Amino acid sequence: MSTTSLPTPDRTDRWWEELPAGRNRLRGRAHLHSDAPELRLDGIWEFRYGSRADGSDLGERAEIEVPGLWQLQGHGAPQYTNVVYPIPRDVPHVPDENPTGHYSRTVAVPAGWAEDLAAGARVLLRFQGVDSAAKVWIDDAEIGVTAGSRLTQEFDVTEALAGPGEHRLDVRVVQWSVNTYVEDQDMWWASGIFRSVDLLLRPADGIHDLVTVADYDPATGRGSLRAAAYDRSGSPLEARVEIPALGLSASTGEEMLVADEVRPWSAEDPHLYEATVRTAGETVSLRLGFRRVEVDGEIFRVNGERIVFRGVNRHEADPVVGRAQHAGNQDLDVALMKQHNLNAVRTSHYPPHQRFLEVCDEAGLYVICEGDFETHGFHADSTGGEDGTGAAEGPAQNPLFEESLLERSDRFVRRDRNHASIVMWSIGNEAASGPVTEAMVARVREIDPTRPVIYEQDYAAEYVDVFSLMYSTVGDTEQIGRRELSPGYQDKLTRMLRSFALDVPDGHFASPPALSKPFLWIEYAHAMGNGAGSLAEYMELTERYPALHGGFIWEWIDHGLETTDAEGNRIHGYGGDFGERLHDGNFVADGLVLPDRTPSPALLDAKHHYSPVGLEVWPGRVRVTNRYAFSDLTHLRAEVSLDAQSSWQELELPATAPGGSAEVPLPVHDGATTTVRLTTREEQGPVPAGHLIVSADHVDAERLRSGLTPPVAEPLAPTQGEDGSWILGPARFDDLGRLVALGDLQVESAGADLYRAPVDNERARTRYPLEARWKRIGLDVARRRLVGIEAEGDALVIRTRLGLDGSALGADVAERWRGDASGADVQVTVTPSAFWPEDLPLPRIGWTFALPSRPDQVQYTGYGPHESYPDTGGGTTFATWHSSLADLQVPYVFPQENGNRAGVVRACLSGGSGPSLGLRAAAGLGLAVRPWSSAELDERAHDGALRPDGRTWVTLSAALHGVGSAACGPIPLPQYVLPAREETFSFRLEAQRP
Ligand code: GAL
């Protein structure tokens, strides 16, 4: 049959606004691997695009790839909003203008299915993901309507496809529907059939649904399995269950005690057993993990042991296909997570692609599997305020939505409950609280009584099993750990709950149920751009307070989309780059990996603080803390280096039991550094043999200092030229006292530097909008004025004033230079104005210069190999590192300060057209080397738009302000705030002939 004719238009049928949503769908059931025939309908489909859901203005016939999002295939454009709805809040209606994609193709039932069909088999049409609603027709007859973009939907199409030959399948997908109101996740609005479509032959006596509970009793080491199979009508079905490795064969419905000891499943040892479930007509195969999850008072246990979640929130994103995902993305994400010591993931904020959960089972990650539900937009208004009506109308309290939302909860749990990796269910995210969310939690428990249920916005944890909050500060979390909330914190939580239009009595948080339950951060450490800071302090809390179970960093990946800017640069686009009127800018780029899945320094920082083994190194000894719940340390190889990682010798590690720690003696030596590292002995899943798990060091600053060549061998006196310039050894200064050359090396723009290109956590829409305050006083364009140049003995003292436009604020800078035949030393003292506002930190206290000779290779002795800021940089250790200039940059989606290497005592910049530059700083300074200035970083809005300016820029930092998490979380802890204080620092520069 031809696909040229479309279903007969019916202008009266507003299926996309109907509540309860969806028509004619089969009840949710497990996603099973079966030997029953399946036909994948992915590939090129016909596509007609229009702006009206009734299909009355569909355009020309085109082609489109399924799975895929049409906005990423040349039709319409993606839009990014975080909280607000992109359409008027007009429940359950949506605007007339509604981007609509009409998909068509032909389908024929394979001839080989005929016999089964004659014997009573059914044919199901399965959609694994369609955003946001679709009506389905076969040969012009309505089949049904989908509801739940990230939820599998199945229709029985046996009769529709019964006739011989080809049939026409039409799927009309609308961008806006009633579903939009309950799918307000912080991600791109993009539509289409974005996961696979399948035609399934379901044998007459097939296993329609299967529920397995594979339990492990930590007291006896025995496993038990309960398996229940169901037929199409939901009636129990007799089937044979077999687990060959356990010699087990039994019938469904029986409680099957496994006599032998089973090897339990955990994220540390994700052992799975191959199992089959068979009826006469079908064999289903699955991989079962035996494990027990329980909430035991305030402790969350897996197999009897307390678990700390070292987790991350994961959206499904890809820079090219977006949520549709490339084959392999799921495996890659899990591999990267495991390689960076993560042990947990929350599938924020919807059930993921099936493969993701399979890989979590196989590789070992604890999963909080979340339903497809968020209604954040009821709480915020596009005017930037709250319109007051939102909370009460919101689905959590609106019976109009109840049936649909219960069905959503039901559906996602039924799909995924056979996965060992899922240790908890979450009904959704940021959808307020009320009778409907409470009923959703109850429904989840009813469908699966074996797993705890969590929902963050039940702030007092009245109807959930585990208490969670997002972005709570270290201090507030400590109160939760101590199980005692200050009156101020109680008030804050009360206000949060009242913002849902709930009647919350005073004193509600005095001793809420929350304080008798385990706690975790459902989101924390907002990894937007450079940051988040203070993972060390967060993770430390989990060691001190048993009720604190760690949490989930926000988030895994930057959702930047590959595109081109107006100048033709290839960039990663974010909100506003696709012509959106309403958008939330680059808030969509806040992951531990960049859009192309390159680990960002934040992932390396997390790797360190999430390490399953803690290392504390002192001269002559190391304390090793085993943070595993189940494993000893025999699978790890320990080595020590006494020469800043030039050579390593193996160390014997005592078989430290889980939770235990041991002190191991180290060789005593005269050197300044002792480094210890642990690597894997053997490959384990995606983690290769020899992979670094953690390293840590002790650096003796005194010894280090004395080991560096003493500066200024034979001092030379400064001399002044007729033009007012000065010469001091190889250093030349112009008449304004600026360093302009070191021997043959030209130097430009040299001088004290108090600024940095603001990081995302300092920008306008954060809780700590320092950028605006810094710029208001002109810190980004501080003006230098020479105060005086004087020769004082063999020193040249240059005094300058850094002034700020329109303000008497500023800083006095004194540079005291001394030179010898090979180089020049300087001691810089920066004294900010005494009346500098106390609440206005400085971005940096440092010194910057540019080299027009463009050196492009950097060798540095300091902390590397990745960047560090005062509250980040976990996993950096002291050594001599080498990097190209390009590799020292971090291409954050939104350009900002990056690339600082901490504690650098020595560096050499080589390559380019001039002599090398040698640099020494006995006390250690931050070093950033870039092909562009801070001003360029500050000015550009996209990674791909940065332009090298023909110089290599060098910034030395004596002090830096922490980066914190304020884009969506706390400001830097007090110890990481850089007050405007006086700072003195020294370094030496040498131009070195090759
Ligand atoms: C949370 C929300 C996430 C994300 C994050 C900010 O409030 O649950 O979905 O929006 O903030 O990036």
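Order of listing sets the numbers, starting from 1, for every ligand and every atom in it. In this text, all values refer to a predicted model and were calculated from it rather than measured experimentally.
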Determine whether the aromatic ring centres of H379 and F500 lie less than 6.0 Å apart. yes
Looking at C968, which atoms of ligand 1 are within less than 4.0 Å of one of its heavy atoms? 6 (C), 11 (O)
Per-atom contacts, ligand 1 versus N429 - under 4.0 Å to a heavy atom: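 Contacts of ligand 1 toward N429, numbered from 1: 2 (C), 8 (O), 9 (O).
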Hey, looking at atom 9 (O) of ligand 1, which of M470, H349, E430, H376 has the closest heavy atom?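 It is H349 that holds the nearest heavy atom.
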Just go through H315, E555, M528, E523 and tell me whose heavy atom is the nearest to atom 11 (O) of ligand 1. E523
Establish, for the pair R150 and Y350, whether the NZ or CZ atom is under 6.0 angstrom from the six-membered ring centre and no further than 45 degrees off its axis. yes
Cationic tip of R763 within the cone over F587's six-membered ring, i.e. under 6.0 Å and within 45° of the normal?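 No; the conditions do not both hold, so R763 does not lie above the ring face of F587.
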Side chain, backbone, both or neither: [X] near ligand 1, heavy atoms under 4.0 Å:
X: D590; value: side chain
X: Q185; value: neither
X: N82; value: side chain

Are the side chain of N343 and the backbone of F309 linked by a donor-acceptor contact shorter than 3.5 Å?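 A pair under 3.5 Å: no.
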Closer than 3.5 angstrom, by distance alone: can the side chain of E762 be matched with the main-chain N or O of V759 as a donor-acceptor pair?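 Yes: the side chain of E762 pairs with the backbone of V759.
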Passing option when S433 is tested against Y455, Y459, Y463 for side-chain hydrogen bond (donor to acceptor under 3.5 Å, both in side chains):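 Only one of Y455, Y459, Y463 forms a side-chain hydrogen bond (donor to acceptor under 3.5 Å, both in side chains) with S433, namely Y463.
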Does a donor on one side chain and an acceptor on the other come within less than 3.5 Å for E374 and Y181?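 Note: E374 and Y181 side chains miss the donor-acceptor criterion.
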For [atom], grab the closest protein heavy atom and report residue, atom and distance to one decimal in Å.
atom: atom 12 (O) of ligand 1; answer: H526 NE2, 2.7 Å
atom: atom 5 (C) of ligand 1; answer: Y471 OH, 3.4 Å
atom: atom 10 (O) of ligand 1; answer: D186 OD2, 2.5 Å

